[in-house]
Undergrad: 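One structure, pasted below without further comment.
These numbers come from a predicted model, not from an experiment. Just so we're on the same page: letters track the sequence lines, and every chain starts at 1.
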Amino acid sequence: MSGAPFPVRPTCLEIENFRGFRGACSLDFAQDLTLLMGECEAGKSSILIAIEWCLLGTRIVSSTSTGIAERGDWVLANTEATGETRVTLTLVVEGGTGKLTRTRMLDAKRNAPDQLELTLPGEQVLTGSEVEEWLEWTGMPNWDTWKQAFAQHQESARARITDQGDRSYLIASMLGLSDYRDLSAMLKKVKPKELEECAQETLQHLAEDQQRARQAPQQEVNGIQASLQRLNVPATQAGDAELELRRKALITDALPVGEAIGLSAEQLPHQDWSATEVHTWGAGWRRQVDAHLTPLRQELGNLEGNIRSLTSSHEALNPKRVALADARQQLEGLRSKHGSPQDLRVQRETIAEELSALREQRREQGELDSLLREALGVIKAGGRTDQCPVCTQDAGGLEQRLQERVTSGGDDVIQNQLDQLASRDSALSSQLQQLEQAQATFQGTEDSLASLEKTLRGQLPPGTQEEAGVTELLAALLAQKVRLEKTINLADENLAGMTGKLEVLGLLLNLRAARERAEHRAGDLSAMPQFATLQDKIDEAAGFACDLIALEVMARELEEEQSALQIQAVNQSINHYMAIISPGFERVVSVHQKHTATKLIYQLVDNAGENLTGTLNQGALNSLSLATFFAGAQFRVKQGLPEFLILDDPVQSLDRAHQEGLARAAKEFSKLAPVIVACLPSHFTRELERLRSTDDKLYKVHGSDPIQFEEL
Amino acid sequence: MRVLDELEARIRKRGVRVEERLELLNRLRKSDPSQGHGQEQLNQRLAEFKTAIQGAARAIQKEIR
């Protein structure tokens, strides 16, 4: 791209699937004037809108940016098309021609971005934002400028002069002051007043926060005081003096405990510790003390066990000794009565021998009796009772003697002796058993006593007498037990009170902090260092706001100064075109500057200074709007900017004479820059046909579906 | 842009807060005001001031709450 923009202009339009156009078609634009003529709904406006869409995109129909209410619902793609929507505009550019193509994909959503491509001479191809930048560089207008200065839309034909903003914008552009106006408008939109509002709101919120902050700590103070009251610390007492007392008391109470349980100096609280340090230390005190108390409690248990064992051993000794004496006495009594167990065993052996002899005697007696009975039987069988059957010697009275011998009863005597001996053996056995039991009792008691004595001696120091040793040892153990119990009780009492004392200390600390906060927050905000920072920020913002306002004022001043230099030429141009379009118009149109509180506006007045837009009829307003339109375009051409005019049904409210005048104006302007006109067949189109030169192009647009056109 | 050059000359002629105003002008020079970019630049600066004010206020609120 060279340094200076080249005034581009369109030469050809290709349309595919756009609004009423199905398929592809193209038409060439004349260098001067192109007329699209057709009946209502023929599709004339669609051709003009295709040019706008190709150059400016969907903003031309966007409900938020178009500024033309009825366009908000427009659909750009042909609803029956089966392909992409595409419009290509061939432009005369520096060094040749370029092709600008905008494409919308089939079924693309309404807000989906279009594809934009520009092919420049030398096969240079730009796409997307590169194309936008190129268009901007050439001086192609944005949509707002397009609406005011490039296109006479039938939807807003007179707005450029009847709407104050549009009118001022257009006249400013004619005066070559668009940049000034854009700058003023942009600076105004930044709204520096928002900074002032922000600062005021911030300070107001801070004041409210401070008010709340004053209340919150006092509520906190009240809450802590109530908690202390429940712990018997009245509000009047809850202060630094009480905090100091509590601090010292906790240390004083803990020191003897720590020393008693054997804590090192490093583990004990220091007298110069602050209340906060003491509170922190106190939180770990129970764990520390418990760690040392556990072995002490174990030691006390062992000690109590030893005392019980010693006492029990000592107390069991005497009864055991008495029992031993009884056992001995009983044993000796039995021995003196029955003799020794050995004696008794000897006697029992003698008896056993006698019993054996008697039993032998009884057996022999039995055998003899058997023989005698047998002999008696033989004798009785032989019939000779007076003769020995063996030796046949006479033995008178043999049978009788034998009978007497058999029945003499010798067995009974032996049996009596046996019974007596057995009875005596039984008595001896019982006596022996008694002796052995007494002996066992004595022995058991003696062993038990020996064991007890051994145990006791083991507990006593060597060489000490039993009784004195036991007494001395017991006294020592009991004294040790008392010391341990005292230490443990001291620690337990300390721990039991520690929780409550620490709670009070903590509450007193919290109370002191809450009171400090309450005092601090109740103070003046401006005394805080952070407030100085805020003030600096507000000052900086105020400076920025002032700068913005000053820039806006200066931009307006520059616009005003510049407009005074250009205004005569603009007046001449407007009156020139007004004279062509409306030959009978007798008033002289002048641009008049008017200052408002915040901006510079432009009015169109007559030679009497009367506001024209408020007094003209619709036809005159249309004529003046078109005259201003041509005048503005003329100034753009003079400035070397790209310029071509589009007029869509410009003859609204114009009579035959005005339509003819408009045709002459359009024809005259087409010598400066291309003019593309769409219109119903009318006096205007006929006049254009009459004025047509060989370079002009006339098309007849047919309203059949799809849109078709033919060059006339 | 011619208007920005003229504005710079006027700022220097007035001699008030020249550095600050030229700094704003430089922000505008980096973009084209007609396309709205300059407004975005200034709005961004304005938002920065708002944020700074609100940040400083939060520091105070943190202190007093």
Undergrad: Would you say the side-chain atoms of A:Arg102 pair up with the backbone N or O of A:Trp53, donor to acceptor, closer than 3.5 Å?
TA: yes
Undergrad: Taking side chain as everything from C-beta outward and backbone as N, CA, C, O, which of these in A:Glu194 sits under 4.5 Å from a heavy atom of chain B? Side chain, backbone, both or neither.
TA: both
Undergrad: Is it the side chain or the backbone of A:Glu132 that comes within 4.5 Å of chain B heavy atoms, both, or neither?
TA: neither
Undergrad: Work out which heavy atom in A:Phe544 is nearest to a heavy atom in B:Leu42; give both atom names and the distance.
TA: CZ-O, 3.7 Å
Undergrad: A:Leu203 versus chain B, heavy atoms under 4.5 Å apart: side chain, backbone, both or neither?
TA: neither
Undergrad: Are A:Gln204 and A:Glu208 close enough that a side-chain donor and a side-chain acceptor fall under 3.5 Å?
TA: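 A pair is found: one side chain offers a donor N or O, the other an acceptor, under 3.5 Å apart.
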Undergrad: Can any side-chain N or O of A:Arg515 pair as donor or acceptor with the backbone N or O of A:Val221 at less than 3.5 Å?
TA: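 Judged by distance alone, no pair lies under 3.5 Å.
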Undergrad: Shorter than 4.5 Å, heavy atoms on both sides: which option in A:Leu534, A:Ile538, A:Leu187, A:Leu548 has the most such pairs with chain B?
TA: A:Leu534
Undergrad: In terms of heavy-atom pairs under 4.5 Å, which option from A:Met554, A:Gln535, A:Glu540 contacts chain B the most?
TA: A:Met554
Undergrad: Without swapping roles, check the side chain of A:Glu196 against the backbone of A:Lys193 for a donor-acceptor pair under 3.5 Å.
TA: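 Checked: no pair found.
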